[in-house]
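The next block holds one structure in the form of structure tokens; read it before the comments.
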Amino acid sequence: MRTLRIAAVVEAASLVLLLANLLTVHARPLSALLGPLHGTAYLVVIASTWMLPCTSTRAVRWRSVAPGVGGLLVLRRVEAGAKASVGAEAGAGRCQ
């Protein structure tokens with residue numbers, strides 16, 4: 001779960017920086033650095049989502065494929081599911 005959180009933040013932040021670079025100075029070295037970082041974070045989000053037992057539903061897994069915000073959507077859904085579960089320990093224990 002920790003890996004998913006880190007990768008989701010890195011994915012979203014790197015996309016924002018890539019778009020800001022594209023809309024302003026368009027520095028090629030910055031694009032060369034941020035592009036692979038964003039791509040790697042994107043793949044880590046997808047892989048870590050599919051490996052978590054609490055993301056076994058198709059809807060949650062397909063959310064991870066959305067570029068830029070997929071990881072954040074998955075985290076939001078998982079945390080909402082943990083809060084909605086009857087036992088706080090039972091819901092949180094599955095995905096720790």
Review point. What are the two closest heavy atoms between S14 and L37, and how far apart are they?
Key: CB-CD2, 4.4 Å
Study note, to complete from the structure: Closest heavy-atom pair, P36 versus S31, reported as atoms and distance to 0.1 Å, is CD-O, 4.1 Å
**Study point:** Point-to-point distance, once rounded to the nearest 0.5 Å, from OG1 of T24 to CG of L19
**Key:** 10.5 Å
**Study point:** Side-chain (E11) to main-chain (G68) donor-acceptor, under 3.5 angstrom
**Key:** yes
Review point. For V60, does its backbone N or O pair with a side-chain atom of T55 as donor and acceptor, under 3.5 Å?
Key: no
Study note, to complete from the structure: Those residues at least two apart in sequence (or on a different chain) that pass side chain to side chain contact (heavy atoms under 4.5 Å, CB included) with L43 are none
Revision key, fill the gap. In short, G35 meets L18 closest at the heavy-atom pair N-CD2, 4.0 Å
Check your understanding: Hey, what do you get for CE (M1) to CD1 (I6), rounding to the nearest 0.5 Å?
Key -> 12.0 Å
Revision key, fill the gap. Correct closest heavy-atom pair for W50 and S64 would be NE1-OG, 3.9 Å
Review point. So which pairs with a foot in residues 52-67 pass salt bridge (charged side-chain N to carboxylate O under 4.0 Å, His left out), sequence neighbours left out?
Key: none
Check your understanding: With a 4.5 Å heavy-atom cut-off, do V45 and V74 have their side chains touching?
Key -> no
Practice item. Say whether W62 and Y42 are linked into one hydrophobic cluster, either directly or through other cluster members, by side-chain heavy-atom distances under 4.5 angstrom. Key: yes
Practice item. Calculate, to the nearest 0.5 Å, the distance between atoms CG and CG belonging to L30 and N21 respectively. Key: 4.5 Å
**Study point:** Nearest-0.5 Å distance, CG of residue L52 to OG1 of residue T3
**Key:** 8.5 Å
Study note, to complete from the structure: Smallest heavy-atom separation, A41 atom then A7 atom, equals CB-O, 3.8 Å
Check your understanding: How long is the gap from SG on C54 to CZ on R77, to the nearest 0.5 Å?
Key -> 11.5 Å
Practice item. Search all heavy atoms of A8 against all heavy atoms of L72 and return the closest pair with its distance. Key: CB-N, 3.9 Å
